[in-house]
Visitor: 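Structure in structure tokens, see below.
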Amino acid sequence: MTGSLEKNYEPQAFENRIYNHWVERNHFRAEVNPEKKPYCIVLPPPNITGELHMGHALDHTLQDVLIRWKRMQGFETLWQPGTDHASIATEVKVVESMREEGLTKLDVGREDFLKRAWRWKDEYGGKIVEQMKKLGDSCDWSRERFTMDEGLSNAVTEVFIKLYEKGLIYRGNRIINWCPECKTSLSDAEVEHEEQIGHFWHINYPIKDSDEVLEIATTRPETMLGDTGVAVHPGDDRYKHLVGKTAILPLVNRELPIVADDYVDPEFGTGAVKITPSHDPNDFEVGERHNLPQINVMNDDATINENGGRYVGMTRYEARKAIVNDLEREGFIHKIVSHSHNVGHCYRCDTAVEPLTSDQWFVKMEPLAKPAIEAVKDNRVKFVPERFSKTYIHWLENIRDWCISRQLWWGHRIPAYYCNNCGHIIVQREEPTVCEKCGGNGFKQDEDVLDTWFSSALWPFSTLGWPENTEELEYFYPTDVLVTGYDIIFFWVVRMVFSALEFMGDIPFEYVFIHGLVRDAEGRKMSKSLGNGIDPLEVIDEYGADALRFTLATGNSPGNDMRFHMERLEASRNFANKLWNATRFVLMNLDIDYIDKNSVQKEFTLADKWIISRLNKVVKEVTENMDKFELGLAVQKLYDFIWGEYCDWYIELVKPRLYGEDDDKKRVAQYTLTYVLENILKLLHPFMPFITEELWQNLPTVQGSVIVAQWPEHKEDEIYTVAEKNMGLIMDAIKNIRNIRAEMNVVPSRKAKLIILTTGKNVAKIISENEEYFRTLASVSEIELVKNKDKIPKDAVSAVIGGAELFLPLEELIDFEKEIERLEKEKSKLESEIKRVVGKLSNEGFVSKAPAKLVDEEKQKQMKYEEMLTHVLERLDSLKNR
RNA sequence: GAGGGUAUAGCUCAGCUGGCAGAGCGCUACGUUGACAUCGUAGAGGUCAUUGGUUCAAGUCCAAUUAUCCUCACCA
């Protein structure tokens with residue numbers, strides 16, 4: 001009837017089996033169930049190009065902990081899974097695979113390219129999902145979605161059209177970030193700024209019809225090919241006389257109007273700025289204010305185009321070199337100084353981004369940002385930790401319009417059609433038949449697709465069926481928590497909030513639970529290029545998913561980065577092994593499968609009451625920690641309780657009863673042992689789902705699966721305050737005995753005798769009633785309680801606890817000097833404690849203002865320490881005068 | 001330029017609403033006691049970055065300083 005376990009914890013032996021068990025029994029499945037309260041988390045959809053990395057492992061562990069916990073608490077829990085089409089990343093992969101065949105995108109054309117992309121997705125896109133299962137993710141796989149499936153694509157089109165009709169999406173020629181490698185535009189969020197040391201070239205621009213020159217300073221001389229003006233500050237006396245005049249662009253000989261604009265900082269550089277509206281965001285604005293023409297001098301691969309005269313065809317860096325050379329030769333360079341500045345790079349391929357003007361689609365952000373800011377400011381959406389709300393608000397308050405069109409094929413194609421006849425734009429679901437403006441009937445759809453993040457922004461409601469009014473949407477929305485890293489706040493969290501507010505009229509989630517990055521042991525970011533990544537799947541193979549999850553959940557506080565150490569993984573695995581063996585011990589000593597609580601309750605021993613009471617407190621504390629998203633604290637408490645109290649003490653304490661002849665006593669021990677273990681397995685299950693399930697199913701006293709067991713509740717009637725206190729006293733005494741033995745190098749002998757001199761009746765009673773604990777845990781065979789010092793042999797080592805003095809008489813001569821030394825140490829320790837307590841109590845302020853309970857505790861301590869000191873002093877005296 | 005994080009044992013980090021500094025690993029000394037050597041017992045090791053302030057009481061709250069790491073930002 002009782003199962004038997006292997007001696008060692010071997011997760012490989014059961015993790016897959018347990019996962020299948022859950023899936024087969026539909027334990028991850030969420031239904032619309034009005035009888036229950038819903039709890040929903042949407043999984044941040046991993047890219048179909050992705051492989052599970054440590055960042056996912058952390059992110060998913062936190063979500064799975066929350067989901068499993070809430071499931072056990074009786075909520076109808078939905079962890080909504082899915083994947084993201086990852087427009088750029090996937091397109092790059094498909095282009096790469098075509099390159100092996102010697103083909104390019106243009107060779108195969110749009111339609112064939114998309115076929116290939118879907119094929120790629122079918123082949124590789126599910127990989128990460130399989131990896132997630134290894135980690136134990138309890139997602140409802142029957143509801144898995146993909147950002148480009150029919151329903152989600154429909155949602156994207158709906159959103160685009162609605163925003164367009166509302167005037168919140170527009171097409172315009174604006175300056176955007178261009179990646180010359182990916183050959184597409186990027187949003188501001190997709191550009192990463194890196195500090196670079198470059199040069200500041202001071203170039204003399206001659207003034208027309210004058211001998212004067214205007215010295216400008218630039219970090220990017222190649223863009224001068226697109227200069228259409230020069231600007232100075234209106235209040236700058238040095239240049240006032242030049243405003244309105246014309247400068248001549250060196251090498252190109254274009255005439256440039258000199259304008260005055262507040263944007264120019266007279267203190268910086270020379271106070272005169274060349275204006276290149278097509279290749280600099282600021283210049284673009286200056287250009288708009290002064291009606292300067294835009295001259296784009298670059299191709300989509302950042303080589304110089306036909307507007308660049310003799311520099312045509314060069315890369316921007318070649319052009320820079322050539323231009324600087326030419327300027328030097330012709331005497332236009334005044335000086336060159338070194339200068340550090342920020343250069344934007346593509347977040348996908350790290351190529352330096354080129355700002356340039358282009359026709360693109362934009363989302364007008366201001367009207368959308370406002371309610372999103374409000375939602376966080378008035379606490380409808382709450383960040384954990386709270387400080388990230390600042391980051392969020394600050395970003396939204398300074399946001400610029402969002403460039404959403406991408407010059408790619410893999411993604412949601414923009415539902416905009418251009419009339420072949422008049423160029424009129426019609427935005428709608430299907431291709432129009434007749435132009436509403438000119439009556440023409442030929443149309444061409446916009447070639448571009450949408451930013452990947454445009455579809456992920458809808459994830460919390462599109463996955464639940466929106467724009468259809470589904471019962472899932474009705475029941476699970478708004479979702480409860482979003483779990484993600486701080487690096488994704490701008491890309492995703494922000495956009496989900498404003499999209500949800502706009503289209504659902506409600507927040508997408510109540511809490512945003514933010515975690516940090518998983519770094520390597522040296523604190524570096526894990527990255528493919530550094531090759532320092534630790535593969536979670538390899539870790540799972542070797543140590544088990546539970547050990548990995550435990551490691552990630554422990555010692556990690558919200559919002560902070562963590563370093564990944566293999567040593568910690570080992571410690572987690574050892575903990576699993578400990579639990580495994582504790583359960584093995586229980587099973588080995590369990591010869592029945594049901595014990596009626598009522599039949600044993602009256603027979604609880606001190607140890608039973610103590611562990612039950614402790615369990616109860618742990619239940620309360622752990623649940624409170626979970627409620628506050630303090631998962632690391634919760635799991636730490638479980639670790640301490642399981643290892644430090646249940647295993648180290650309780651299991652040792654029950655052994656005599658288990659091995660004894662008295663069946664009634666045995667039953668009580670068995671009951672308590674299993675009762676506490678069952679609760680341990682439940683409490684630990686969200687963190688270590690596999691091992692707890694495996695052990696649970698080996699326990700004959702329980703049915704079903706722990707994944708759906710009821711989360712333990714705190715019970716007031718299972719708090720035994722006196723038992724905790726008395727057990728504490730006994731534990732203290734036992735630790736003291738062990739301590740003096742270790743320090744005096746006394747190996748316990750079988751017939752060791754313990755003499756206890758008690759001063760308080762109560763203490764004597766507690767000790768005599770629980771003598772057996774001393775036998776088992778302090779290795780003494782006989783205990784003698786005395787009230788008179790005379791009975792104490794001279795050759796004994798001693799320890800004092802509150803209310804009693806413990807003596808271990810020794811058969812062989814002890815080292816008196818060593819014992820004196822030890823007691824002296826004890827004495828000074830006690831003296832300093834007494835000094836501290838007395839100091840505190842003689843402080844008028846403390847006694848009058850501190851809580852009475854605290855003052856009382858201090859008084860108790862004083863009495864206890866003083867009594868202990870007296871004993872130590874007496875003992876010292878007798879040793880010295882022996 | 002703005003905002004933020006971090007600073008606690010040799011190492012990596014916990015420490016919630018102020019009330020005798022904790023864990024893991026490492027280290028030292030013991031230990032073949034019928035769950036576990038992936039273990040047990042005991043121990044050493046901290047001016048909680050610095051300086052002020054609030055308080056009866058500060059690792060914890062406030063201010064400043066130093067170091068370090070992020071994020072954002074148009075200074076050509």
Side-chain angles (χ1 to χ4, degrees), chain A residues 5 7-9 193 200 216-220 223 231 263-265 267-276 280-286 339 341-342 355 385 387-388 390-391 394-395 398 486-487 489-490 516-517 521 523 543 547 551 554-557 559-568 570-589 621 624-625 628 630 632-633 636 639-640 644 647-648 651-652 655 659 735 738-743 745 747-748 750 776-777 779 833 836-837 840 843-851 853-855 857-858 861:
Chain A
L5 299 175
K7 188 174 167 187
N8 286 324
Y9 161 66
H193 293 275
F200 222 175
I216 61 96
T218 180
T219 54
R220 302 202 52 205
T223 63
Y263 152 71
V264 180
D265 176 1
E267 304 293 316
F268 187 78
T270 63
V273 187
K274 69 188 210 49
I275 299 299
T276 323
D280 184 281
N282 300 304
D283 292 8
F284 179 82
E285 283 169 21
V286 175
H339 176 68
H341 60 135
N342 279 322
R387 64 170 187 270
F388 287 100
K390 261 192 186 169
T391 318
H394 181 258
W395 197 76
N398 295 286
Y486 58 70
D487 51 335
I489 294 176
F490 303 140
L517 270 34
Y543 295 90
T551 302
T554 320
N556 175 19
S557 48
N560 291 337
D561 290 353
M562 68 181 302
R563 297 188 189 197
F564 195 88
H565 289 269
M566 292 311 265
E567 294 80 13
R568 296 225 4 243
E570 255 171 65
S572 305
R573 191 263 325 264
N574 294 353
F575 173 59
N577 186 63
K578 188 75 182 178
L579 176 66
W580 182 267
N581 276 289
T583 307
R584 201 161 75 92
F585 171 82
V586 173
L587 292 179
M588 285 165 71
N589 290 286
E621 289 171 3
E624 281 170 0
N625 284 140
K628 289 188 272 183
E630 290 162 351
L633 285 183
Q636 185 66 46
Y639 179 97
D640 290 342
C647 293
D648 286 352
I651 284 184
E652 297 305 324
K655 278 178 181 174
Y659 299 152
K735 279 188 227 168
R738 288 167 173 173
N739 176 293
I740 53 176
R741 278 218 181 103
E743 284 204 16
N745 250 326
V747 180
R750 282 273 164 83
T776 346
L777 288 156
S779 305
E833 279 303 300
R836 191 189 59 78
V837 177
K840 215 166 179 180
N843 181 339
E844 177 54 32
F846 176 75
V847 179
S848 60
K849 291 190 180 171
K853 191 184 158 212
L854 216 76
V855 178
E857 272 172 29
E858 292 296 324
K861 277 181 206 164

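So that the names make sense, note that chain A is the first sequence line, chain B the second, and so on, each numbered from 1.
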Visitor: Examine B/rC74: is either OP1 or OP2 under 4.0 Å from a nitrogen or oxygen in the side chain of A/His341? Give yes or no.
Guide: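 For A/His341, the contact criterion (side-chain N or O under 4.0 Å from OP1 or OP2 of B/rC74) is not met.
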
Visitor: Could you check whether A/Gly644 gets within reach of a base, just the sugar-phosphate, or nothing at all, counting any heavy atom under 4.0 Å?
Guide: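 The answer is nothing, as A/Gly644 stays clear of every strand by at least 4.0 Å.
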
Visitor: Could you give the distance separating B/rA63 and B/rU55 at their C1' atoms, to the nearest angstrom?
Guide: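 Looking at atom C1' only, B/rU55 and B/rA63 are 16 Å apart.
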
Visitor: Within the distance-only criterion (no hydrogens, no angle test), does the side chain of A/Asn625 pair as donor or acceptor with the backbone N or O of A/Glu630 below 3.5 angstrom?
Guide: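 Side chain of A/Asn625 to backbone of A/Glu630, a donor-acceptor pair under 3.5 Å: no, none is there.
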
Visitor: Rounding to a whole Å, what distance do you find between A/Arg563:CZ and B/rC70:C1'?
Guide: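 After rounding, the reported distance stands at 14 Å.
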
Visitor: Go through B/rG5, B/rA35, B/rC56 for me and flag the one nearest to the A/Ile651 side chain.
Guide: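 So the side chain of A/Ile651 is nearest to B/rA35.
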
Visitor: Is A/Asp283 touching bases, backbone alone, or none of the nucleic acid, heavy atoms closer than 4.0 Å?
Guide: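 No contact.
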
Visitor: For B/rC74, which nucleotide in any strand shown is its Watson-Crick or wobble partner with both distances under 3.5 Å?
Guide: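 The base-pairing partner of B/rC74, which may sit in any strand shown, does not exist here.
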
Visitor: Please compare A/Lys390 and A/Trp395 by the position of their nearest nucleotide in RNA chain B and report the one closer to 5'.
Guide: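 Looking at RNA chain B, the more 5' nearest nucleotide goes with A/Lys390.
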
Visitor: Supply the atom-to-atom distance A/Lys735 NZ to A/Ile740 CD1, rounded to the nearest 0.5 angstrom.
Guide: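 The NZ atom of A/Lys735 sits 15.0 Å away from the CD1 atom of A/Ile740.
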
Visitor: Reckon A/Arg584 has a side-chain N or O less than 4.0 Å from the OP1 or OP2 of B/rC36?
Guide: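 Looking at the OP1 and OP2 atoms of B/rC36, one of them is under 4.0 Å from a side-chain N or O of A/Arg584.
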
Visitor: Using the P atom as the point on both nucleotides, what is the distance between B/rA29 and B/rA44, in whole Å?
Guide: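 Per the computed distance, 15 Å lies between those P atoms.
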
Visitor: Any strand is fair game: report the nucleotide pairing with B/rA67 by Watson-Crick or G-U wobble, both distances under 3.5 Å, or none.
Guide: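 Its partner is B/rU6 (Watson-Crick or G-U wobble, both distances under 3.5 Å).
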
Visitor: As a test of reading the structure: which of B/rC25, B/rC75, B/rA37 is closest to the side chain of A/Ala571, going by heavy atoms?
Guide: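 Selected nucleotide (nearest to the side chain): B/rC25.
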
Visitor: Under 3.5 Å for both donor-acceptor distances, Watson-Crick or wobble: does B/rG46 have a partner, and if so which one?
Guide: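 Paired with no nucleotide.
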
Visitor: Paired with B/rA57 by Watson-Crick or G-U wobble geometry, both distances under 3.5 Å: which nucleotide is it?
Guide: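 None - no nucleotide pairs with B/rA57, as no candidate has both distances under 3.5 Å.
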
Visitor: For atom P, what is the distance between B/rC25 and B/rU60, given to the nearest Å?
Guide: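 Looking at atom P only, B/rC25 and B/rU60 are 29 Å apart.
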
Visitor: May I ask you to test the A/Asn282-A/Tyr263 pair for a side-chain heavy-atom distance under 4.5 Å?
Guide: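 The answer is yes, as the side chains (C-beta and beyond) meet within the 4.5 Å cut-off.
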
Visitor: Round to the nearest Å and state the distance from A/Glu285 atom CD to B/rC75 atom C1'.
Guide: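 It is 13 Å, rounded to the nearest whole Å.
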
Visitor: Could you tell me how far apart A/Glu652 (CD) and B/rC39 (P) are, to the nearest whole angstrom?
Guide: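 Value for this atom pair: 15 Å.
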
Visitor: Determine the Euclidean distance between corresponding P atoms of B/rU47 and B/rG59; express it in Å to zero decimal places.
Guide: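 Taking atom P in both B/rG59 and B/rU47, they lie 13 Å apart.
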
Visitor: Counting only Watson-Crick or G-U wobble pairs whose two distances fall under 3.5 Å, which nucleotide matches B/rG52?
Guide: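 B/rG52 is paired with B/rC62.
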
Visitor: Need to verify one output field. Residue with the more 5' nearest nucleotide on RNA chain B, A/Asp640 or A/Val837?
Guide: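 This one resolves to A/Val837.
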
Visitor: Please tell me if A/Asn843 has a side-chain N or O lying less than 4.0 Å from either OP1 or OP2 of B/rA57.
Guide: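 Looking at the OP1 and OP2 atoms of B/rA57, neither is under 4.0 Å from any side-chain N or O of A/Asn843.
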
Visitor: Whole angstroms only, please: what is the NE2-P distance between A/His394 and B/rG4?
Guide: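 A/His394 atom NE2 is separated from B/rG4 atom P by 10 Å.
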
Visitor: Paired with B/rC11 by Watson-Crick or G-U wobble geometry, both distances under 3.5 Å: which nucleotide is it?
Guide: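 Paired with B/rG24.
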
Visitor: Any N or O donor-acceptor pair under 3.5 Å from the base of B/rC25 to the side chain of A/Arg568?
Guide: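 Between B/rC25 and A/Arg568, which were checked side chain against base, a qualifying N/O pair under 3.5 Å is absent.
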
Visitor: Going through the checks in order, is the side-chain contact (heavy atoms from CB on, under 4.5 Å) test met by A/Phe564 and A/Thr551?
Guide: CA-CA 8 Å; A/Phe564 195 88; A/Thr551 302; 4.2 Å; yes

Visitor: From the options B/rU38, B/rG43, B/rA35, select the nucleotide whose nearest atom is closest to the side chain of A/Glu743.
Guide: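 Nearest to the side chain of A/Glu743 among the choices is B/rG43.
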
Visitor: Which base sits across from B/rC39 as a Watson-Crick or G-U pair, both distances under 3.5 Å?
Guide: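 Result: B/rG31.
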
Visitor: Please classify the nucleic acid contact of A/Lys735 as base, sugar-phosphate, or nothing, using heavy-atom distances under 4.0 Å.
Guide: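 Contact class for A/Lys735: sugar-phosphate only.
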
Visitor: So, under a plain 3.5 Å distance rule, would you say the side chain of A/Arg738 forms a donor-acceptor pair with the base of B/rU41?
Guide: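 Looking at the base of B/rU41, it does not pair with any donor or acceptor on the side chain of A/Arg738 (distance under 3.5 Å).
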
Visitor: Output the single nucleotide from B/rC13, B/rA35, B/rG19 whose closest atom is nearest the side chain of A/Phe846.
Guide: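 The closest nucleotide is B/rG19.
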
Visitor: To the closest 0.5 Å, what do you measure between OG1 (A/Thr776) and OH (A/Tyr659)?
Guide: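 Between A/Thr776 OG1 and A/Tyr659 OH, I get 11.0 Å after rounding to 0.5 Å.
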
Visitor: Sticking with atom C1', work out how far B/rC20 lies from B/rC27, rounded to a whole angstrom.
Guide: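 B/rC20 and B/rC27 have their C1' atoms separated by 26 Å.
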
Visitor: To the side chain of A/Phe268, which of B/rC16, B/rC75, B/rC20 is closest?
Guide: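 Shortest atom-to-atom distance from the side chain points to B/rC75.
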
Visitor: Hey, can you tell me if A/Phe200 and A/Phe268 have their rings parallel, tilted or perpendicular (30° and 60° cut-offs)?
Guide: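 Geometry flag for A/Phe268 against A/Phe200: tilted rings.
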
Visitor: Say you pick atom P in B/rG34 and the same atom in B/rG40; how far apart are they, in whole Å?
Guide: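 Roughly 15 Å separates the two P atoms.
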
Visitor: Taking only N and O in the side chain of A/Tyr659, is any of them less than 4.0 Å away from OP1 or OP2 of B/rA35?
Guide: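 Yes, A/Tyr659 has a side-chain N/O under 4.0 Å of OP1/OP2 on B/rA35.
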
Visitor: To the nearest 0.5 Å, what is the distance between CZ (A/Arg220) and NE2 (A/His341)?
Guide: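 NE2 of A/His341 is found 8.5 Å from CZ of A/Arg220.
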
Visitor: What distance separates A/His339 NE2 from A/Thr218 OG1, expressed to the nearest 0.5 Å?
Guide: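 Reported value, rounded in 0.5 Å steps: 9.5 Å.
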
Visitor: Applying a 4.0 Å non-hydrogen cut-off, can you work out what A/Ala582 is touching in the nucleic acid: base, sugar-phosphate, or nothing?
Guide: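 The answer is base, as A/Ala582 lies within the cut-off (heavy atoms under 4.0 Å) of a base atom.
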
Visitor: Can you tell me the distance, in whole Å, between the CZ atom of A/Arg836 and the P atom of B/rA21?
Guide: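 Between P of B/rA21 and CZ of A/Arg836: 8 Å.
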
Visitor: Figure out the CD/P separation between A/Glu570 and B/rC36, and round it to whole Å.
Guide: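 The distance from CD of A/Glu570 to P of B/rC36 comes to 20 Å, rounded to the nearest Å.
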
Visitor: Whom does B/rC16 pair with, Watson-Crick or G-U wobble, provided both distances fall under 3.5 Å?
Guide: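 Base-paired to nothing in any strand shown.
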
Visitor: For the C1' atoms, the ones on B/rU50 and on B/rU68, what distance do you get once it is rounded to whole angstrom?
Guide: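 Per the computed distance, 15 Å lies between those C1' atoms.
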
Visitor: Heavy atoms only, 4.0 Å cut-off, all strands: where does A/Tyr639 land among base, sugar-phosphate and nothing?
Guide: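 The residue A/Tyr639 makes sugar-phosphate contact but no base contact.
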
Visitor: Should the pair A/Tyr486 and A/Phe388 be assigned to parallel (<30°), tilted (30 to 60°) or perpendicular (>60°) ring geometry?
Guide: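 The rings of A/Tyr486 and A/Phe388 lie parallel, inter-plane angle below 30°.
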
Visitor: Report the nucleotide, chosen from B/rA76, B/rA14, B/rC36, that has the shortest atom-to-atom distance to any side-chain atom of A/Lys7.
Guide: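 Among B/rA76, B/rA14, B/rC36, the one nearest the side chain of A/Lys7 is B/rC36.
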
Visitor: Side chain of A/Phe490 only, heavy atoms from C-beta on: which candidate in B/rC75, B/rC72, B/rC20 is closest?
Guide: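 Of the candidates, B/rC72 comes closest.
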
Visitor: Compare the minimum distances between each of B/rA42, B/rU55, B/rU12 and the side chain of A/Asn739, then state the nucleotide with the smallest one.
Guide: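 That would be B/rA42.
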
Visitor: Take atom P in B/rG18 and the same atom in B/rG10, then report the distance between them in whole Å.
Guide: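 Per the computed distance, 29 Å lies between those P atoms.
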
Visitor: Categorize A/Lys274 for me: base, sugar-phosphate, or nothing, with a 4.0 angstrom heavy-atom threshold over every strand shown.
Guide: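 Nothing, no nucleic acid heavy atom in range.
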
Visitor: Identify which nucleotide among B/rA35, B/rC74, B/rG5 has an atom closest to any side-chain atom of A/Asn581, counting heavy atoms from C-beta outward.
Guide: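 Closest nucleotide to the A/Asn581 side chain: B/rA35.
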
Visitor: What is the distance from CZ of A/Arg573 to P of B/rU38, rounded to the nearest Å?
Guide: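 Between P of B/rU38 and CZ of A/Arg573: 8 Å.
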
Visitor: OP1, OP2 of B/rC39 versus side-chain N and O of A/Asn574: anything below 4.0 Å?
Guide: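 The answer is yes; a side-chain N or O of A/Asn574 sits under 4.0 Å from OP1 or OP2.
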
Visitor: State whether the distance check finds a donor on one side and an acceptor on the other, under 3.5 Å, for side chain A/Glu630 versus base B/rA14.
Guide: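 Looking at the base of B/rA14, it does not pair with any donor or acceptor on the side chain of A/Glu630 (distance under 3.5 Å).
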
Visitor: Using OP1 and OP2 only, check whether a side-chain N or O of A/Ser848 sits under 4.0 Å from B/rC56.
Guide: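 False: A/Ser848 side-chain N/O out of range (4.0 Å or more) of B/rC56 OP1/OP2.
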
Visitor: Looking only at atom types and distance, does a side-chain atom of A/Asp561 sit under 3.5 Å from a main-chain N or O of A/Leu517, one as donor and one as acceptor?
Guide: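 Yes, A/Asp561 side chain to A/Leu517 backbone: donor-acceptor pair under 3.5 Å.
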
Visitor: Could you check how far CG of A/Asn398 sits from P of B/rA2, rounded to whole Å?
Guide: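 The distance from CG of A/Asn398 to P of B/rA2 comes to 14 Å, rounded to the nearest Å.
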
